[in-house]
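Remember, it's a predicted structure, so these values are computed and weren't measured experimentally. These values consider heavy atoms only, across backbone and side chains, with no hydrogens, waters or symmetry-generated copies. Numbers here simply count residues along the sequence, with the first being 1.
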Amino acid sequence: MTKERGHMAEAVVFPQPGKVELCEVELPGLDPGQLLVRTRVSLISTGTEGIVYNGTFAPGTHWDRWFSYPHRPGYSLVGEVIDVGSDVTGDFGPGDRVVALLGHASHHVADASLCTRVPDDVSDEDAAWFAVAKVGFVGAEASHARLGSSALVVGAGPIGQMAVRWLASSGAAEVVVVHRSGRLRLDLAQAGGATTVLQQDLADGLSGIAPPDTIIDCTADPNVLTHALAAVADHGRVVVVGDVGDPSQQRLSSDLIVRGLTVVGAHGRHLLGEREHEVRRLFFGLVASGRFAGMANLVTHRFTPLDCADAYALLDADRSATMGVIFDWR
C-alpha cells in the first residue's frame, strides 16, 4: 500500500516502447522548500505521451536525447498538499490544491517554487489543463495574433483546443480550425470559440476561406508545414507548436521566400520561471470567469491508475475519439 508520509508511491511507467505498467517507486525525503503532494487527477498529454509510448521518434532528435526507457510519463498534475518542508513560505499549507509539471503518480515530493495554487472556483478537471494551456499560449503568443486578426489552427487535439481558446479570448476576429478526422474535436473547438471549423486535410486547400494572417500548426505532423506555407496570407506567419518525431521530414517551400513568410517554432519550454506562474494564474482566471469557453466537456475519458494500460491502448487505437483523458487518483 502507498503511504502518504512514507517512502513509496505508485507511478505509471513505460518500461519499453508499447508497454505501460503501474509500479511502486521510492519517494525522496522532504527537504526544505519542498512540498509533499498527493495527486488528485493527472491529464494525459496524448500527443507527447503517444510518441514516447510508441517510441516513434528518430535517433538524434530532442526526443531521443530527452527520453529513455524506463520512462515515467506525464506533466499535467493536480494535487493536494499534505505536508510542507521547512522554509516553505506561507503561500502553501496542508489542504491546498496545487498544479505542477509532474508525472502520473500517486504522490510527489516537489519544490514549492514549481507549484501554483489552484483557486477554489476552478475544478480539478479544468485545472488539469494548465500545462497544455501553457503550450497553447506559447503558440498563440508567437503567432502575433491581435484584435481583429484572422488565425487558423491546424489540429483540434488538446493543444489546438487551448490555442483556440487563447485566440478567442484575445479578440481574434476569425479563428478557423482545420482537423481531418473526428467530428468530436471540431465540435469542442467550436464550443471553445472557433468561428469556422473544417473537417478536412489542409492539403486540400481552403475553399471559401480567405488566407489567414497566421497559421498555428498543432499537429506534430511533418507534412503540415509545407501546406501551411501555401495557405497563409502573403507576409503571414506560420507557427509550429512542439516538435514532430522526425523533424527532418518537414519541408520548406518557395512560398517562404517568394511571399515573404515568417516561420516560428514554439515550445512549452519557452515559458519558464515566474512568467509561467503568471500564465497559469491567467488561465485559471479565464476559466473561472467563463472566458475560456467550453471547458466542461473537454474531459472525455477517465481511468483509474490501475487501468493505465487500457488508457494508452485506447489512445493508440483511436486518439481522434478522445479529447481529455485523465487518471483519477482520488
Side-chain angles (χ1 to χ4, degrees), residues 45-47 50 129 132-233 236-242 244 263-264 266 283 286-287 290-300 318-325:
S45 178
T46 56
W129 289 89
V132 181
K134 178 185 79 165
V135 180
F137 175 89
V138 173
E141 184 178 56
S143 75
H144 290 184
R146 60 195 184 282
L147 288 171
S149 65
S150 61
L152 184 146
V153 177
V154 189
I159 292 173
Q161 296 290 335
M162 294 296 106
V164 164
R165 285 159 175 78
W166 285 116
L167 292 167
S169 65
S170 299
E174 296 180 25
V175 181
V176 179
V177 175
V178 174
H179 188 77
R180 62 188 176 192
S181 63
R183 186 68 208 183
L184 166 69
R185 295 185 167 203
L186 290 173
D187 290 343
L188 291 171
Q190 201 156 29
T195 55
T196 303
V197 294
L198 302 172
Q199 186 170 343
Q200 64 170 76
D201 196 307
L202 186 61
D204 297 332
L206 296 174
S207 178
I209 302 293
D213 301 321
T214 184
I215 292 179
I216 304 177
D217 172 15
C218 302
T219 65
D221 181 344
N223 298 310
V224 168
L225 177 58
T226 302
H227 302 308
L229 293 172
V232 76
R237 195 172 182 91
V238 174
V239 179
V240 182
V241 180
V244 301
V263 178
V264 180
F283 167 66
L286 291 172
V287 168
R291 290 177 60 193
F292 249 50
M295 293 291 294
N297 296 319
L298 284 181
V299 173
T300 58
D318 188 7
R319 195 171 69 184
S320 67
T322 73
M323 179 50 64
V325 180

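- Here the shortest heavy-atom pairing between A142 and A266 reads CB-CB, 4.3 Å.
- Qualifying ring-ring contact (aromatic ring centres under 6.0 Å, His included) partners for F283, counting only residues two or more places apart in sequence or in other chains: F292.
- Applying the side chain to side chain contact (heavy atoms under 4.5 Å, CB included) rule to L184 yields the partners L188, T300; only residues at least two apart in sequence or on another chain are considered.
- Nearest heavy-atom pair across A293 and A191 is CB-O, 3.4 Å.
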Do E174 and T196 pass the side-chain contact (heavy atoms from CB on, under 4.5 Å) test, and can you show the C-alpha distance, the side-chain angles, and the key distance before you say yes or no?
CA-CA 8 Å; E174 296 180 25; T196 303; over 6 Å; no

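- The salt bridge (Lys or Arg N to Asp or Glu O under 4.0 Å) contacts involving residues 151-172 comprise nothing, where partners must be two or more places apart or lie in separate chains.
- P211 and S150 make their closest contact through O-OG, 4.4 Å (heavy atoms, listed as atom of the first residue, atom of the second, distance).
- Residue pairs meeting the salt bridge (Lys or Arg N to Asp or Glu O under 4.0 Å) criterion with at least one partner in residues 184-195, sequence neighbours excluded, are R183-D187.
- Contacts of T214 classified as side chain to side chain donor-acceptor pair (under 3.5 Å), with partners at least two apart in sequence or in another chain: none.
- Residues in residues 135-144 take part in these salt bridge (Lys or Arg N to Asp or Glu O under 4.0 Å) pairs, two or more places apart or across chains: E141-R275.
- Listed by first and then second residue, the ring-ring contact (aromatic ring centres under 6.0 Å, His included) pairs involving residues 168-212 amount to none (not counting sequence neighbours).
- Here salt bridge (Lys or Arg N to Asp or Glu O under 4.0 Å) pairs that include residues 196-209, with residues two or more places apart or in two chains, are R180-D201.
- Checked by atom type and distance alone, the side chain of T322 pairs as donor or acceptor with a backbone atom of R319 at under 3.5 Å.
- Atom-to-atom distance recorded for L152:CG and I209:CD1 is 8.0 Å, nearest 0.5 angstrom.
- Applying the side chain to side chain contact (heavy atoms under 4.5 Å, CB included) rule to S149 yields the partners A145, R146, A172, D213; only residues at least two apart in sequence or on another chain are considered.
- The stretch residues 180-229 participates, sequence neighbours left out, in no ring-ring contact (aromatic ring centres under 6.0 Å, His included) pair at all.
- With sequence neighbours left out, the side chain to side chain contact (heavy atoms under 4.5 Å, CB included) criterion links V244 to A220, P222, P247, Q250.
- V135 is linked by a side chain to side chain contact (heavy atoms under 4.5 Å, CB included) to I159, V241, counting only residues two or more places apart in sequence or in another chain.
- Minimum interatomic distance between T46 and M323 (heavy atoms only, all atoms of both residues): CG2-O, 4.2 Å.
- Distance alone, capped at 3.5 Å, is enough to place a donor-acceptor pair between the Q200 side chain and the G205 backbone.
- Closest of all the heavy-atom pairs between V153 and C218 is CG1-SG, 4.0 Å.
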Evaluation steps, side-chain contact (heavy atoms from CB on, under 4.5 Å), between L198 and L206:
CA-CA 9 Å; L198 302 172; L206 296 174; 4.1 Å; yes

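- Each of V177, T195, I216, V197 was compared with V164 under the side chain to side chain contact (heavy atoms under 4.5 Å, CB included) criterion, and only V177 meets it.
- Taking all atoms of both residues into account, the shortest heavy-atom contact from I215 to A231 is CD1-CB, 3.8 Å.
- Distance OG/S170 to CG/L286: 8.0 Å, rounded to 0.5 Å.
- Checked by atom type and distance alone, the side chain of W129 never pairs as donor or acceptor with a backbone atom of P158 at under 3.5 Å.
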